[in-house]
Amino acid sequence: MASPPDSRKASDEDPQGILAVPSREHWLRRLPWASAAKAVGRFKMSLPALRRDRLLASLDPLVLNKGPPPSAQHAMLPQALWGDQEPLSKIPFKILSGHEHVVSSCHFCVNDTKLLSGSYDCTVKLWDAVDGSVIRDFEQRPKAPVLECSITADSRRIVAASYDKTVRAWDLETGQLLWKIRHDTFIASCKFSPDGKYVVSGLDSDRGIYIMDAENITTVTYIEGHHRRSIMACCFDPDSQRVASVSLDRCIKIWDVTSQATLLTITRAHDDAISNCCFTFSGHFLCTASWDKTLKIWNVYAGDFRNRGACVTLMQGHEGSVSSCCFARDSSCLISGGFDKTVAIWDVAEGYRKLSLKGHNDWVMDVAISNDKKWILSASKDRTMRLWNIEEIDQIPLVIKYKKNMMGLKMKQCEGCDRSFSTFESDGSSEIFTKCVFCRREARDSPLETLLSLEEESKD
């Protein structure tokens, strides 16, 4: 654990009120390839489509559409546009237009009556959730695309990270800029702790995390080289005592703020880069989203992953990379967004996708769910947000159909390797499995099993 550099103290604040966070002398003065890949499409002068596809083909399992980007008319849709998401699902939605570029981040706030968004048009906006109007543009805005914004649990302060290497905090009610700090490296992620005491930033080129005191604007922890490759996302647990981080290196790390130590490391957690992570409201489970098209839920409280791996692996929900994930407050459902332009709603207890929301014209960058589980908010590269009403989701014929299909799917623990596996059991099924498919295959291919089979054949 690297000790925080003295140069990051509040005493180094310059006359303009900007806290300079200098880099070490050995840092390379160039844009890392990971930042270049993530920045595609984020600036107003976008790269040609051919160059974009060539760059992302090596990074994403998703096959991108070759067509031109969404036209500007998509951002001019009426604010009061309500309709059905698709004939079989009957999900009403509202399109929120107001950003001029990719909408990168979204949140519910103020008891679900307001919405917060950040965009590559260099703005952070506060919206009215009822009529979809923009209440405020937070001024003294960044000079480059906003990558992520976050809000305290009491909805009093917000923070945003930008590609101008700054992190800025505002008062939500007044819109006043509270403070601004500048790093000498790109910021991949930033989050407020739920209690509002800390802000954590995931730094790109030094592959580290930087935790600061949000009140005194002083360094709490700075860990260089926390991951082997660039950090993609980081977040606090509900108690504001642990920080989870995920990376291009496919690794999950959890840092304890009090003991100043890494509590656990899960290597090779996914088959590809891990793009996002989020805790349940109990703090016992962590969900990770990946470019390998899956989501995984880990028991990070009891440490069961050490023996059994992920508690649940959610598959067949997205056709491309999964970009974001968010638990409902009661952890009964999980929301995910993907580069396949869809939003997936998952039943956590049963481990299946209840419904896929379609309608965005480009990648879904971020998702959020209201505290009462009646609304889902999604932010997209198509320059819009969508507010989906899922209050009657369990009455939708398509959801009922999916649920019936899952009724015969049971989770069991393998007698051979102790891992969980699913098996379909119905009234007409006479075969009951006690081992997973891998243990059954291993037993079938073993010399003893082969000998028994030959003996049976000789008797016949």
Side-chain angles (χ1 to χ4, degrees), residues 1-13 17-21 105 107-111 114 116 118 124 126 138 147-162 166-183 187-203 208-223 226 231 233-246 253-263 277-284 286 300-301 326-327 329 368 371:
M1 192 273 294
S3 59
D6 294 336
S7 58
R8 296 173 184 260
K9 299 296 182 181
S11 59
D12 287 341
E13 189 171 351
I18 302 175
L19 178 64
V21 185
S105 185
H107 298 275
F108 286 94
C109 58
V110 194
N111 297 321
K114 302 293 188 295
L116 182 69
V124 178
L126 184 67
F138 290 91
L147 176 63
E148 188 171 29
C149 57
S150 177
I151 189 166
T152 55
D154 59 9
S155 296
R156 296 180 60 186
R157 290 169 293 160
I158 66 171
V159 67
S162 169
T166 66
V167 176
R168 302 166 190 248
W170 291 271
D171 183 280
L172 184 71
E173 184 177 359
T174 65
Q176 179 185 2
L177 180 68
L178 300 176
W179 50 259
K180 174 175 69 173
I181 66 169
R182 176 175 290 114
H183 292 270
I187 306 160
S189 176
C190 79
K191 291 286 198 313
F192 252 125
S193 60
D195 63 6
K197 184 177 180 180
Y198 305 112
V199 172
V200 61
S201 300
L203 305 180
I209 60 173
Y210 174 63
I211 303 173
M212 63 173 291
D213 188 307
E215 295 288 345
N216 302 322
I217 323 178
T218 55
T219 299
V220 175
T221 302
Y222 165 66
I223 316 165
H226 192 48
I231 291 176
C234 55
C235 66
F236 277 96
D237 73 337
D239 295 329
S240 304
Q241 293 301 309
R242 296 179 296 167
V243 174
S245 58
V246 294
K253 285 181 177 286
I254 296 183
W255 174 266
D256 186 88
V257 178
T258 303
S259 65
Q260 296 284 292
T262 300
L263 294 180
C277 61
C278 63
F279 279 98
T280 57
F281 279 80
S282 68
H284 290 185
L286 179 76
V300 295
Y301 183 78
C326 180
F327 276 109
R329 179 169 289 274
N371 291 332

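Within a 6.0 Å radius of CG in N371, other residues, nucleotides and ligands contribute more than 12 heavy atoms.
Of all non-hydrogen atoms in L172 and S155, the two that sit nearest each other are CD2-O, 2.9 Å. The two residues S245 and H226 have their closest heavy-atom pair at OG-CD2, 3.5 Å. Closest of all the heavy-atom pairs between V246 and C277 is CG1-CB, 3.9 Å. In terms of heavy atoms, V220 sits closest to D213 at CG2-N, 3.6 Å. Summarising the geometry of F192 relative to Y198, their closest heavy-atom pair is CD2-O, 3.4 Å, with the distance given to 0.1 Å. Of all non-hydrogen atoms in V124 and A160, the two that sit nearest each other are CG2-CB, 3.9 Å.
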**OP:** Evaluate the criterion side-chain contact (heavy atoms from CB on, under 4.5 Å) for residue pair F236 and D195; output intermediate values, then yes/no.
**Re:** CA-CA 10 Å; F236 277 96; D195 63 6; over 6 Å; no
Subject >> From CA spacing to verdict: side-chain contact (heavy atoms from CB on, under 4.5 Å), L116, F138 >> reply: CA-CA 11 Å; L116 182 69; F138 290 91; 4.0 Å; yes
Original post:
For V159 and V167, what are the C-alpha separation, side-chain angles and deciding distance, and is it a side-chain contact (heavy atoms from CB on, under 4.5 Å)?
Top reply: CA-CA 7 Å; V159 67; V167 176; 3.3 Å; yes
Subject >> I209 and T221: CA distance, side-chain angles, deciding distance, side-chain contact (heavy atoms from CB on, under 4.5 Å) verdict >> reply: CA-CA 8 Å; I209 60 173; T221 302; 5.6 Å; no
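Using the six-membered ring where Trp is involved, Y210 and H183 have ring planes that are perpendicular, over 60° apart on the 30 and 60° scheme.
From I181, atom CD1 reaches atom OG1 of T219 across 8.0 Å, with rounding to the nearest 0.5 Å. Atoms SG and CZ, on C109 and R157 in that order, are 14.0 Å from each other to the nearest 0.5 Å.
Under a 4.0 Å N-O distance rule, the pair E173/K114 does not qualify as a salt bridge.
Formation of a donor-acceptor pair under 3.5 Å by the D237 side chain with backbone atoms of R242 is found in this model. Between the side chain of W179 and the main chain of N216, no donor-acceptor pair closer than 3.5 Å is present.
E148 and S105 share no side-chain donor-acceptor pair at under 3.5 Å.
Side chains of C149 and H107 form a contact here, defined as non-hydrogen atoms less than 4.5 Å apart.
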